[in-house]
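Atoms within each ligand, like the ligands themselves, are counted from 1 in listed order. For the numbers below, each heavy atom of this structure counts, side chains included, while hydrogens, waters and symmetry mates do not.
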Amino acid sequence: MTKQGMVVPVPEAAVAVPPNSAPLFQYPPPRAAPGVAVRKKCLQMGAGVGVGAGAGRIGGWVESMRASSPTHAKAAAALAAGVEEERYAAWMVKHPSALAMFDQLVEASKGKQIVVFLDYDGTLSPIVDDPDAAYMSDTMRRAVRSVAKHFPTAIVSGRCRDKVFEFVKLAELYYAGSHGMDIKGPAKGSRHTKAKGGVLFQPASQFLPMIEQVHDSLVEKTKCIPGAKVENNKFCVSVHFRCVDEKSWITLADMVKSVLKDYPKLKLTQGRMVFEVRPTIKWDKGKALEFLLESLGYADCTDVLPVYIGDDRTDEDAFKVLRKRGQGVGILVSKHPKDTCASYSLQEPAEVMEFLLRLVEWERLSKARPKW
Ligand SMILES: O=P(O)(O)OC[C@H]1O[C@H](O[C@H]2O[C@H](CO)[C@@H](O)[C@H](O)[C@H]2O)[C@H](O)[C@@H](O)[C@@H]1O
């Protein structure tokens, strides 16, 4: 553990470091186990995709679109060859399971206030074809409700805030919709803060009319592509290609780019089989995390431990903030090796739920434990 209390996994057995050569928790974490070929460091995840890209970049677009599909045939072939398995094992050394490392992780939180940040799609609900049907299970809802009883808890999503609230249905949480551009406190108020419910921050409000226009143009332009779906997320727009035939991906990408060329104040990023159209303002999930910590009174505190769990490229902005602060626990939800600034991993929403329930149980027991 560092001075600031950053928890970084160094699973002793897996890394096989001689006992006294390194502290148990190091920051930044060792990037590789001896003898393991490690790929490059954190990519510029979530970086904008060139809107005015020319023909030379088309190959890049397709690769990028394919990369957001874990079931792509190429990946399956690589898995069969065992390459993927080896890569996964090496990746797990760098990003061990937050469940396997749970005891060390909570040990490092002693004396600190844990604040929990949860992405929605792919973290609390499984990824499904229809974005309107990405329901959260009742058991997951109960787990999140229990977490919020013990720790300040926020949902940080690319979705429009109202939509994500419709799915989560818990009034006691903070919600940061539109990739953090629409932040609201708990409707019921929370015992964790004196802040009354209500909108806390909407840094992109002047973009509303522009986003409406772009949404309508994108709907019109892409309606000839079977399976394409345009989603209005209030301060941003998603163009889904999960259900689009791969042969039409480039056409779809070109359509999105052609609409955006008239809007230099908007940028394009890519998520899981989705293009995200967003204002160019310097605001993202990482900024939302910092804003919420500040609202909760933990701006420059060393006695706080933010735990952020997410599965998407846009969550990387939050993982980066935790690394920069030298404080907190970033957990990527993924079954596949990905370039990430997160320190830990969980495979899927079911594991996220297990992790949340363990956190609640640990907190309950630690309160019941006599303090000598
Ligand atoms: O920040 P998040 O809460 O993870 O939101 C990111 C995007 O999530 C949704 O799309 C993703 O989930 C869909 C439902 O499982 C899936 O069909 C799609 O392919 C995924 O990209 C949401 O629909 C988007 O608007 C969010 O931006």
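From the protein, the heavy atom lying nearest to atom 2 (P) of ligand 1 is Asp119 OD1, 2.9 Å. Among protein heavy atoms, the minimum distance from atom 3 (O) of ligand 1 is reached at Ser157 OG, 2.7 Å. Ranking protein heavy atoms by distance to atom 24 (C) of ligand 1, first place goes to Glu231 OE1, 3.4 Å. Val128 O, 3.2 Å is the protein heavy atom nearest to atom 16 (C) of ligand 1. Summary of contacts: the protein heavy atom closest to atom 19 (O) of ligand 1 is Arg242 NE, 2.6 Å. Taking atom 7 (C) of ligand 1 as the reference point, the nearest protein heavy-atom neighbour is Glu276 OE2, 4.0 Å. Nearest protein heavy-atom neighbour of atom 21 (O) of ligand 1: Arg272 O, 2.5 Å.
Of the inter-residue distances, the one linking Gln202 atom CD with Leu208 atom CG reads 7.5 Å to the nearest 0.5 angstrom. Taking CZ from Phe165 and CG from Leu173, the interatomic distance works out to 8.5 Å, rounded to the nearest 0.5 Å. Of the inter-residue distances, the one linking Met353 atom CE with Met136 atom CE reads 10.0 Å to the nearest 0.5 angstrom. Here the CG atom belonging to Asp119 is positioned 10.0 Å from the CD1 atom belonging to Ile309, to the nearest 0.5 angstrom.
For ligand 1, the atoms lying closer than 4.0 Å to a non-hydrogen atom of Asp129 are 17 (O). Counting the atoms of ligand 1 from 1 in the order shown, those under 4.0 Å from a heavy atom of Pro131 are 14 (C), 23 (O). Counting the atoms of ligand 1 from 1 in the order shown, those under 4.0 Å from a heavy atom of Tyr120 are 3 (O). Set against the non-hydrogen atoms of Val274, the atoms of ligand 1 under 4.0 Å away are 21 (O).
Closest to atom 5 (O) of ligand 1 by heavy atom, among Gly180, Ala133, Gly158, Ser125, is Gly158.
Residue contacts with ligand 1, taken as heavy atom pairs separated by less than 4.0 Å, involve Asn233 solely via side-chain atoms from C-beta onward. Looking at Asp121 against ligand 1, both its backbone and its side chain come within 4.0 Å, counting heavy atoms. Contacts of Ser238 with ligand 1, taken as heavy-atom pairs under 4.0 Å, involve the side chain alone.
Residue Thr314 has no nitrogen or oxygen atom sitting less than 3.5 Å from a nitrogen or oxygen atom of ligand 1, judged on distance alone. Polar contact with ligand 1: absent for Asp312 (N/O pair, distance under 3.5 Å). Some N or O of His240 is nearer than 3.5 Å to an N or O of ligand 1, by distance alone.
Under the salt bridge (Lys or Arg N to Asp or Glu O under 4.0 Å) test applied with Asp315, the options Lys320, Lys338, Lys285 reduce to a single match, Lys285.
The 12-atom threshold is not exceeded at CD of Glu294, counting heavy atoms of other residues, nucleotides or ligands nearer than 6.0 Å. Taking a 6.0 Å sphere around CG of Asp300, one finds it holds 12 or fewer heavy atoms contributed by other residues, nucleotides or ligands.
Checked against a 6.0 Å centroid threshold, the rings of Phe201 and Trp283 count as neighbours.
Using cut-offs of 30° and 60° for the angle between ring planes, the His95 and Trp91 rings count as tilted. Aromatic ring orientation, Phe117 versus Tyr308: parallel (interplanar angle below 30°, classes split at 30° and 60°).
In terms of the ring pair (Phe, Tyr, Trp, His ring centres under 6.0 Å) criterion, residue partners of Phe167 (sequence neighbours excluded) are, by chain and number, Tyr120, Tyr135.
Contacts classified as salt bridge (charged side-chain N to carboxylate O under 4.0 Å, His left out) and involving residues 129-139 (residues at least two apart or in different chains) are given here: Asp132-Lys163, Asp132-Lys229, Asp138-Arg141.
At a 4.0 Å cut-off, at least one heavy atom of Pro126 sits close enough to ligand 1 to count as contact.
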